[in-house]
Number of protein chains: 2
Amino acid sequence: MAEAKKNTKEHLIDSAGELFAQDGFEGVSTRMIAEKAGVKVSAIHYHFGSKEKLYTESLTRAVEYDSCADFAMVIAENPALLETPVGRAEIIRTTVFRTFYDNFREDTPDWMRQIIVQGIMKPSSVFSDFLETVLKPDVDAARRLYLAARPGADEVQIAAWLDILHSQILLYSVAKEALEVLRGEGSMDTEFYRGVARVVARAMILELELPLPVDLEQ
Amino acid sequence: MAEAKKNTKEHLIDSAGELFAQDGFEGVSTRMIAEKAGVKVSAIHYHFGSKEKLYTESLTRAVEYDSCADFAMVIAENPALLETPVGRAEIIRTTVFRTFYDNFREDTPDWMRQIIVQGIMKPSSVFSDFLETVLKPDVDAARRLYLAARPGADEVQIAAWLDILHSQILLYSVAKEALEVLRGEGSMDTEFYRGVARVVARAMILELELPLPVDLEQ
DNA sequence: GTCTATAGCATGATAGAC
DNA sequence: GTCTATCATGCTATAGAC
């Protein structure tokens, strides 16, 4: 509403994304989307052909926006860090903070996080691509790091360790509303996420028995 | 189908729960539920009055089944453990293993986990009760433990630490299908969850800088 | 307590004027 | 490219026979 009138197509993707993220594909009608976007229902079919194609378009937009492969990136930027315990701890610290920052900085629309989570819960064809091209390289990078620090670790251990980070991102993407009921309105701000990143980084570094960077001590 | 014919009402709750958990409230029609349960649509209205009341009934069933308040219980069973570092580590170890066991033992239907998660994502009145009566006491118990080990810790730190456990439970409840695509069919069995519980317990104990129980070393 | 039949409505999609 | 008007379908829910 308050935003300047972009072209109808973009506006429809935004409006639809917001609604789909909140109520799921079947929970939203084309009429609701059209009303929110301030256009008529037929505009949806003119621009996208069907409700389903509009959904796919919104999901694709969100997936493209989400980089997410942070371990791989941090290691690529400075591979030498893999060689020493201090370097490995540094990789973890940087990755965790960057992941929380990327996911929860305030200019990322909430719906992009939520619609991705819905895709995870009910995988579709769009999503297999996401898993293969975005997530898998990151898992591989994390595996290399873990094995460098702890040779002979098994796959379950590595997966569980990496999931400490990913599951926390998932939780705050999905359960924000419920957690604010529990912990107070507005309690989940930038400050909160920075505090959480600290704890998660500490836990992951210490689980691997690496030396704690000074700024993460107690 | 394969199960012995219980009474129609129970059968409807099971069938509906399974479908609602997978596709959400709006994603499921009364026709689908009736067909799955092998009865006619009107039976739903006879027994429950409406689709919504059937949904509430399924959700309530799942919430009642889910104990979840494990920290509170473990501490109540042996409050003396709170007094020493070794005891505190023991509380964490026991709670984490018990939580994973309770949530993922094989006689718990998948749909009960999933429908609760959907309740978290889109909180309703049924769910406020769940948060207040089930989750809150557990959070309080965890806070007492954390402060005993690290006096002066702030609320964010405590929340983030407790969420290491809760978020991992959420992840495996929600993303099982997607993760099996990534890690291989059937990879998420009892063995897997035990391995994960080990890593999570290690991470939570070490983040609090408590001594590691011998069976959790390396 | 379970069935058939159907009312009453909202949905996704299309046709055609402008 | 956007509108109005309309279609066919599928939905929840109810009425009434058995």
Side-chain angles (χ1 to χ4, degrees), chain A residues 1-62 111 115 118-119 122 124-126, chain B residues 1-62 111 115 118-119 122 124-126:
Chain A
M1 289 294 154
E3 56 198 271
K5 184 179 175 180
K6 293 176 278 189
N7 64 58
T8 301
K9 192 167 177 178
E10 288 303 309
H11 201 175
L12 272 170
I13 292 177
D14 276 356
S15 304
E18 229 166 294
L19 292 172
F20 284 140
Q22 226 170 51
D23 298 332
F25 181 75
E26 284 95 351
V28 177
S29 72
T30 51
R31 284 166 161 79
M32 291 162 67
I33 298 168
E35 190 179 10
K36 188 179 176 76
V39 298
K40 298 296 162 184
V41 187
S42 50
I44 292 173
H45 293 92
Y46 175 77
H47 285 287
F48 302 96
S50 72
K51 178 189 174 187
E52 193 169 359
K53 292 216 182 91
L54 171 54
Y55 176 78
T56 309
E57 195 77 21
S58 302
L59 180 55
T60 306
R61 188 66 55 99
W111 71 261
I115 205 171
Q118 291 207 343
K122 204 171 155 47
S124 63
S125 58
V126 184
Chain B
M1 288 298 152
E3 56 196 274
K5 184 180 173 176
K6 292 177 276 188
N7 65 56
T8 301
K9 191 167 177 176
E10 288 303 309
H11 201 174
L12 272 171
I13 292 177
D14 276 356
S15 305
E18 228 165 294
L19 292 173
F20 283 140
Q22 228 171 51
D23 297 335
F25 180 75
E26 283 96 350
V28 178
S29 71
T30 51
R31 282 165 161 80
M32 292 162 67
I33 298 168
E35 188 180 9
K36 188 179 176 75
V39 298
K40 297 297 162 184
V41 187
S42 49
I44 292 174
H45 294 93
Y46 174 78
H47 285 288
F48 303 95
S50 73
K51 179 189 173 186
E52 193 169 356
K53 289 213 184 94
L54 171 54
Y55 177 78
T56 309
E57 195 77 20
S58 302
L59 180 57
T60 306
R61 189 66 54 97
W111 71 262
I115 204 172
Q118 291 208 343
K122 207 174 151 46
S124 62
S125 59
V126 185

J.: Over how many whole Å does the gap from K53(B) atom NZ to dA13(D) atom P extend?
T.: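 Value for this atom pair: 9 Å.
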J.: For side chain to side chain contact (heavy atoms under 4.5 Å, CB included), just list the numbers for Y55(A) and S50(A), CA-CA rounded to whole Å, side-chain angles, deciding distance to a tenth of an Å, and then say yes or no.
T.: CA-CA 9 Å; Y55(A) 176 78; S50(A) 72; over 6 Å; no
J.: Kindly indicate whether a cation-pi arrangement holds for K9(A) with Y46(A), taking the cut-offs as under 6.0 Å to the six-membered ring centre and within 45° of the axis.
T.: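 So K9(A) doesn't make the cation-pi contact.
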J.: Heavy atoms, side chains only, cut-off 4.5 Å: are K122(B) and D23(A) in contact?
T.: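 K122(B) vs D23(A): side chains touch.
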J.: For every nucleotide of nucleotides 6-18 of chain C, 5' to 3': is a protein heavy atom under 4.0 Å from its base (B), only from its sugar-phosphate (S), or from neither (-)?
T.: -----BBBB----
J.: Send over the distance from I33(B) CD1 to dA13(D) P, rounded to a whole Å.
T.: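 Rounding to the nearest Å, CD1 of I33(B) and P of dA13(D) are 10 Å apart.
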J.: I need the CD-P distance between E35(A) and dT2(D), as an integer number of Å.
T.: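 So the CD-P distance, E35(A) to dT2(D), works out to 18 Å.
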J.: Please check this pair: side chain of K51(A) against backbone of I44(A), looking for a donor-acceptor N/O pair closer than 3.5 Å.
T.: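 Looks like no, no N/O pair under 3.5 Å.
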J.: In this structure, how many angstroms lie between the P atom of dG10(D) and the CG atom of D23(B), rounded?
T.: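 In whole Å, dG10(D) P lies 17 Å from D23(B) CG.
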J.: Donor-acceptor pair, distance only, cut-off 3.5 Å: does the side chain of Q118(B) make one with the backbone of A21(B)?
T.: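 Present.
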J.: Does T8(B) put a side-chain nitrogen or oxygen below 4.0 Å from OP1 or OP2 of dT2(C)?
T.: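 The answer is yes; a side-chain N or O of T8(B) sits under 4.0 Å from OP1 or OP2.
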J.: In whole angstrom, what separates H47(B)'s NE2 from dG1(C)'s P?
T.: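 Result: 7 Å.
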J.: Taking atom C1' of dC11(D) as reference, at what distance in whole Å does atom OH of Y55(B) sit?
T.: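 Going from Y55(B) (OH) to dC11(D) (C1'), I get 19 Å.
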J.: Atom NZ of K40(B) to atom P of dT4(C): distance rounded to whole Å?
T.: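 Rounding to the nearest Å, NZ of K40(B) and P of dT4(C) are 5 Å apart.
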J.: Do E10(A) and R61(A) have side-chain heavy atoms sitting under 4.5 Å apart?
T.: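 SC-SC contact between E10(A) and R61(A) confirmed.
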J.: Quick one: is dG1(D) close enough that its OP1 or OP2 comes under 4.0 Å of any side-chain N or O from Y46(A)?
T.: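 Checking Y46(A) against dG1(D): at least one side-chain N or O falls below 4.0 Å of OP1 or OP2.
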